[in-house]
Amino acid sequence: MKTTALNAQVLKADFPILQREMRGGKKLTYLDSGATSQKPLSVIDAQSNFYKTKNAAVHRGAHLLAEEADEAYEGARKIVADFLGAHVDEVIFTKSATESLNAIAYSFGNAEAGSKFALKKGDSIVVTEMEHHANLIPWQQLARRTGATLKWIPITDEGRLDYSILDGIIDSTTRVVAFTHQSNVLGTINDVSKLVEAAKKVSAITVLDACQSAPHFAIDVKKLGVDLLAFSGHKALGPTGIGILWGRSEILEEMEPFLFGGSMIETVTMTDATWARAPRKFEAGVPNMAGAVGLGAALEYLTSLGMENVHAWEMELTQYALDKISNMPGLKVIGPLDAVDRGAVISFTVEGIHPHDVGQVLDQHGIAVRTGHHCAWPLMKKFGIAGTTRASFYIYNTLEDIDNLVVGIKSAQEFFKVG
Amino acid sequence: MKTTALNAQVLKADFPILQREMRGGKKLTYLDSGATSQKPLSVIDAQSNFYKTKNAAVHRGAHLLAEEADEAYEGARKIVADFLGAHVDEVIFTKSATESLNAIAYSFGNAEAGSKFALKKGDSIVVTEMEHHANLIPWQQLARRTGATLKWIPITDEGRLDYSILDGIIDSTTRVVAFTHQSNVLGTINDVSKLVEAAKKVSAITVLDACQSAPHFAIDVKKLGVDLLAFSGHKALGPTGIGILWGRSEILEEMEPFLFGGSMIETVTMTDATWARAPRKFEAGVPNMAGAVGLGAALEYLTSLGMENVHAWEMELTQYALDKISNMPGLKVIGPLDAVDRGAVISFTVEGIHPHDVGQVLDQHGIAVRTGHHCAWPLMKKFGIAGTTRASFYIYNTLEDIDNLVVGIKSAQEFFKVG
Amino acid sequence: MELNSLYQEVILDHYKRPHHKGLSELKDIQVHHVNPSCGDEVTLNLSISGGIVSDISWDGVGCSISQASTSIMTDLVLGQTVAHAYKILDNFSELMASKGTMVGDEALLDDAVALAGVSKFPARVKCALLGWMAFKDASVQAIDGSEKA
Amino acid sequence: MELNSLYQEVILDHYKRPHHKGLSELKDIQVHHVNPSCGDEVTLNLSISGGIVSDISWDGVGCSISQASTSIMTDLVLGQTVAHAYKILDNFSELMASKGTMVGDEALLDDAVALAGVSKFPARVKCALLGWMAFKDASVQAIDGSEKA
Ligand SMILES: Cc1ncc(COP(=O)(O)O)c(C=O)c1O
Ligand SMILES: Cc1ncc(COP(=O)(O)O)c(C=O)c1O
């Protein structure tokens with residue numbers, strides 16, 4: 001076994017939930033971080049301490065608490081900016097990646113006709129066949145509202161984008177290219193530079209769903225070259241109810257706001273309003289201050305581990321798991337079989353056992369996996385399956401967790417007398 | 001002094017932040033609950049415990065953690081429903097009242113032409129002159145997008161709605177009547193039944209901004225008779241980043257969704273999607289589970305005090321404060337002077353001192369108030385002022401807190417040599 | 001072991017050899033139901049004549065619970081009056097909502113009492129109800145249709 | 001007491017008797033700035049001739065800090081070259097961002113050093129900068145305009 005700088009067994013101790021007992025007195029083997037990650041104590045405490053010492057509404061107060069709340073909230077924004085290699089004014093707090101992606105689609109929908117964001121009949125929006133519903137349906141709806149056409153990049157049987165036909169899909173009608181950095185089902189990591197290049201050639205705006213990438217490996221928005229990016233805090237050790245929308249300054253400056261209300265305005269009369277500048281323009285209302293502070297603590301935790309170490313360890317886990325799982329009788333991995341350009345998410349089917357039933361047996365072993373269509377229903381149809389069982393790994397997972405998984409799957413096969 | 005069942009001095013002990021030291025070693029006198037309330041330890045712990053014992057993505061998991069997370073999340077929904085006298089399927093978790101109100105406006109904007117929610121030229125939306133920006137700008141924008149006209153009910157010099165001219169404003173063109181239950185500046189409590197009656201006569205949909213009412217007195221959605229209602233958790237002892245949208249079942253069933261993504265669908269193909277039923281239809285993505293659980297704990301805390309007791313104590317505070325403040329030289333209360341149909345929010349101006357400077361001196365005394373336009377800029381213009389100083393009370397405030405305020409204001413007058 | 005209480009022998013039998021699976025030509029009405037959280041699907045053909053379930057058949061993909069439950073349901077309602085079928089359905093729904101506190105009325109539910117253990121697994125209750133909800137929907141539509149005709 | 005470090009005598013003097021307040025007829029350019037978080041407003045008239053701030057006047061509503069700071073600013077830039085005015089502005093902005101760690105260059109900033117205490121109150125920095133940002137905006141527009149003319 002290679003040694004990495006990250007000791008997952010030691011990290012487990014930072015996560016209170018990993019100490020709890022599951023059904024049948026088993027310890028928790030948590031393999032569902034692709035759905036939501038667990039939280040280290042430092043994140044839980046950061047939130048609690050915010051409430052215990054500096055809770056106040058930001059942006060509006062002249063009193064000390066409000067000043068301190070503001071400092072904590074804006075400090076969290078700076079942490080996110082540093083994490084992404086972004087400017088602090090480019091970071092917008094939302095409630096989730098889902099909100100971030102919808103915000104983009106609504107903002108485009110709010111654009112005046114003729115603006116670079118406004119879509120019309122004859123224009124097209126390009127997504128991929130492996131999108132999570134959150135990066136698919138908002139675009140279906142925007143297309144419906146504007147008369148634009150939705151196109152998509154199909155995937156190969158291996159579960160990679162079919163780049164060979166990119167030219168025929170991203171063309172002069174394309175105004176937006178929205179795609180996931182890493183598939184939450186297949187683990188496939190897409191070639192961002194190839195897609196950005198194709199989009200730039202036709203001056204299309206690029207939107208990156210970084211839900212499954214930002215928590216797992218180092219991201220630099222400048223190097224990625226995309227225009228807009230979204231991810232969720234809760235998948236990156238952070239609290240629930242906080243997400244990020246990042247946008248290139250020039251883009252944010254021109255984009256219309258999405259939610260309207262307090263703190264996002266410059267002036268207001270009964271009939272009209274003008275907007276503050278980004279990021280304020282996109283943060284109407286009293287924000288999730290404690291959530292932002294918690295996310296700040298989460299990204300600090302990740303940064304202190306080093307995102308290269310996080311990635312290296314996940315690759316070790318993935319390689320180990322792929323080797324074990326793909327060799328089991330009756331098991332079929334859905335997605336790339338080699339640990340190259342793929343992340344720590346492994347979907348598979350077990351011959352003769354429905355994913356729900358696999359999950360149920362694993363649960364009896366204290367193993368938490370996800371089963372079903374993983375909010376990527378079109379992808380399931382593409383592979384002609386109703387769903388998969390998905391194991392997804394994070395910093396606190398050990399090789400032993402994967403061994404447990406293998407034992408659990410075998411026991412499911414025995415129970416259902418298959419394999 | 002009348003005795004109520006609620007002992008604010010004792011309650012203070014439940015709120016860790018109220019123990020902290022402020023500038024100059026002063027104890028915190030928190031009079032800014034209208035902006036955001038402080039949190040009892042039970043709420044802070046409910047959130048932490050969720051993360052420590054049952055954090056998992058709801059609605060999607062077959063494993064034990066997911067089951068328990070689901071139970072906690074749906075349990076919180078039931079608590080909110082009971083708090084409002086609503087059916088559990090009528091309660092939607094959002095991130096804030098601001099999101100709830102925008103969600104309504106966007107949902108109406110998404111409605112097919114001809115639907116009861118779709119607006120067009122010739123239709124009108126009615127608001128009031130005392131709305132918070134969050135219940136004004138979304139309607140301005142919806143009007144702009146659909147060609148409908150925005151109208152408003154003006155207020156009298158006392159700060160009450162001018163009901164005498166209601167008929168001329170809510171008329172046969174009116175499709176939506178959106179209004180606040182209680183003004184966050186004036187304290188005025190509006191006559192919901194009068195407004196609902198006028199709206200019903202012309203079959204308009206009613207939207208109630210309950211931000212400043214739901215946390216402070218008992219609300220029963222059935223009795224109120226409105227169609228949709230919004231409030232924020234953070235003003236009701238709950239966490240930041242969680243809000244409520246309540247809607248009458250029949251209305252929600254027909255309304256279009258707002259955010260699109262995971263968990264809100266029934267089926268999805270690359271080009272089309274169909275929706276789940278309410279409340280699921282309106283909750284795309286992994287929700288703020290810990291936030292919902294925290295809000296549940298907050299409403300349980302309030303319920304255990306008894307909302308009648310909460311209200312009675314606030315009325316005692318309000319009467320006491322109005323008596324003291326309105327008699328101070330140079331002070332002018334903006335809003336009703338009698339504690340009838342008004343809540344525990346008192347806005348005032350101090351002759352010769354700008355609100356910012358009043359707030360600064362109070363801060364030096366450990367007193368946290370809000371200063372400025374309170375996100376109700378048109379209301380400020382109506383009164384011909386740039387802003388006010390606002391003291392707002394909640395369960396943990398004592399008569400002594402108000403005495404402190406009076407001392408603080410006097411000291412500001414001395415410092416600036418006025419009054 | 002709890003797994004055995006969930007997956008009783010009779011359930012696994014119905015799962016491996018489902019009854020009335022494969023859509024028959026006979027039908028008054030066809031419905032298609034999905035479980036959005038997992039993607040399981042069932043298509044159900046139903047005929048009602050003279051107030052009696054005269055034919056029922058189905059097809060679909062799903063987990064052992066949903067497949068077995070649908071299979072059991074078809075056994076239970078075929079040949080029964082719609083009124084009696086609804087009584088079974090109500091009783092079964094109640095059992096599913098019982099969170100493990102009920103054992104089920106074997107006289108009425110027959111093989112379906114084997115599904116009692118499902119009620120302890122909230123995430124699986126929807127699986128057990130998928131076929132039953134499809135039957136309910138189809139029967140309502142069939143009756144509505146025949147009333148209009 | 002910290003209040004005295006924030007509200008120095010010279011600030012209160014400017015607040016009570018602001019300089020160059022009341023809009024003059026002379027102007028190349030007029031700008032209107034607001035502080036959206038509190039509603040304070042300033043209108044500024046500016047004339048620049050031969051690279052020199054030849055006339056400046058203003059009106060507005062605001063707190064003691066914003067009023068005094070605007071008053072002080074007009075004293076400082078009137079009659080100066082635009083280049084020198086920008087030097088003052090940069091220096092003042094730096095002072096405001098210093099969080100109480102700088103005292104300010106009295107030779108350059110004159111009365112404005114009295115505002116050093118504001119930098120300890122983050123919420124008030126925007127008040128102190130309101131008039132200065134208006135000046136900056138107006139001067140950029142004035143120069144742009146004269147270049148185009
Ligand atoms: C009357 C009223 N409406 C709406 C809001 C907006 O609430 P939030 O900022 O929590 O979304 C507030 C508070 O800021 C309010 O007082
Ligand atoms: C790739 C991808 N995109 C979007 C989402 C949506 O994230 P959330 O539900 O946190 O908004 C998820 C996770 O659910 C995801 O895996």
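Quick caveat: nothing in here was measured; it's all calculated off a predicted structure. Order of the sequence lines fixes the chain letters, A, B, ..., with proteins taken first and strands second; residue numbering starts at 1 for each chain.
By the 4.5 Å heavy-atom criterion applied to side chains, B:L259 and A:K95 are counted as neighbours. The side-chain heavy atoms of B:Y51 and A:T240, taken from C-beta on, include a pair separated by under 4.5 Å. Taking the side chain as every heavy atom from C-beta outward, B:N55 and A:F15 never approach each other to under 4.5 Å. Looking only at side-chain heavy atoms (C-beta outward), B:T271 and A:W152 come within less than 4.5 Å of each other. Residues B:L65 and A:I17 are in side-chain contact: their nearest non-hydrogen atoms beyond the backbone lie under 4.5 Å apart. Proximity of A:V286 to B:T98: side-chain heavy atoms (C-beta onward) are nowhere separated by under 4.5 Å.
Using a 4.5 Å cut-off between heavy atoms, B:L101 does not touch chain A at all. With a threshold of 4.5 angstrom between heavy atoms, B:K52 approaches chain A through its backbone and through its side chain. With a threshold of 4.5 angstrom between heavy atoms, B:R23 approaches chain A through its backbone and through its side chain. Interface remark: B:S33 contributes no atoms to any contact with chain A (heavy atom separation under 4.5 Å). The contact between B:E112 and chain A is made entirely by side chain atoms (from C-beta outward), counting heavy-atom distances below 4.5 Å. Only the side chain of B:L136 comes within less than 4.5 Å of a heavy atom in chain A; its backbone stays farther off. With a 4.5 Å cut-off on non-hydrogen atoms, B:P239 touches chain A through its backbone and its side chain both. Of the atoms belonging to B:T128, it is backbone heavy atoms, and not side-chain ones, that fall under 4.5 Å from chain A. Proximity to chain A is limited to the side chain of B:L150, based on heavy atoms less than 4.5 angstrom apart. Looking at B:I265, only its side chain comes within 4.5 Å of chain A, counting heavy atoms on both sides. With a 4.5 angstrom heavy-atom cutoff, B:V369 touches chain A only via backbone atoms.
Counting heavy-atom pairs under 4.5 Å between each of A:R145, A:Q360, A:H374, A:M264 and chain B puts A:R145 at the top. For the set B:I44, B:T36, B:T94, B:V268, the entry with the most heavy-atom pairs within less than 4.5 Å of chain A is B:V268. Of the listed residues A:P138, A:S263, A:G243, A:A35, the one with more heavy-atom pairs under 4.5 angstrom with chain B than any other is A:P138. The greatest number of non-hydrogen atom pairs below 4.5 Å with chain B, out of A:H356, A:K381, A:E68, is found for A:E68. In terms of non-hydrogen atom pairs under 4.5 Å with chain A, the most contact-rich of B:E67, B:Q19, B:K54 is B:E67. Of the listed residues (B:L18, B:N110, B:L362, B:L41), the one with the most heavy-atom contacts under 4.5 Å to chain A is B:N110. Contact count against chain A (heavy-atom pairs under 4.5 Å) is highest for B:A57 among B:A57, B:G285, B:P16. If you tally non-hydrogen atom pairs under 4.5 Å between each of B:M22, B:E131, B:Q38, B:M289 and chain A, the highest count goes to B:Q38.
With values rounded to the nearest 0.5 angstrom, B:L28 atom CG is found 11.5 Å from A:T53 atom OG1.
Residue B:H63 forms a side chain to side chain donor-acceptor pair (under 3.5 Å) with just one option from A:T29, A:D32, A:D363, A:T371, and that option is A:D32.
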Checklist entry - Stepwise, does the side chain to side chain contact (heavy atoms under 4.5 Å, CB included) test hold for B:F260 with A:Q140? => result CA-CA 10 Å; B:F260 303 93; A:Q140 289 180 351; over 6 Å; no
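Pairing each heavy atom of B:S48 with each of A:S48, the nearest pair is OG-OG, 2.9 Å. Here the shortest heavy-atom pairing between A:W377 and B:T267 reads CZ3-CA, 3.6 Å. Of all heavy-atom pairs between B:M270 and A:P378, the closest is SD-CB, 3.5 Å. Taking every heavy atom of both residues into account, B:A66 and A:R370 meet most closely at CB-NH2, 4.3 Å.
Ring geometry, A:Y106 versus B:Y106: the interplanar angle falls from 30° to 60°, so the pair is classed tilted.
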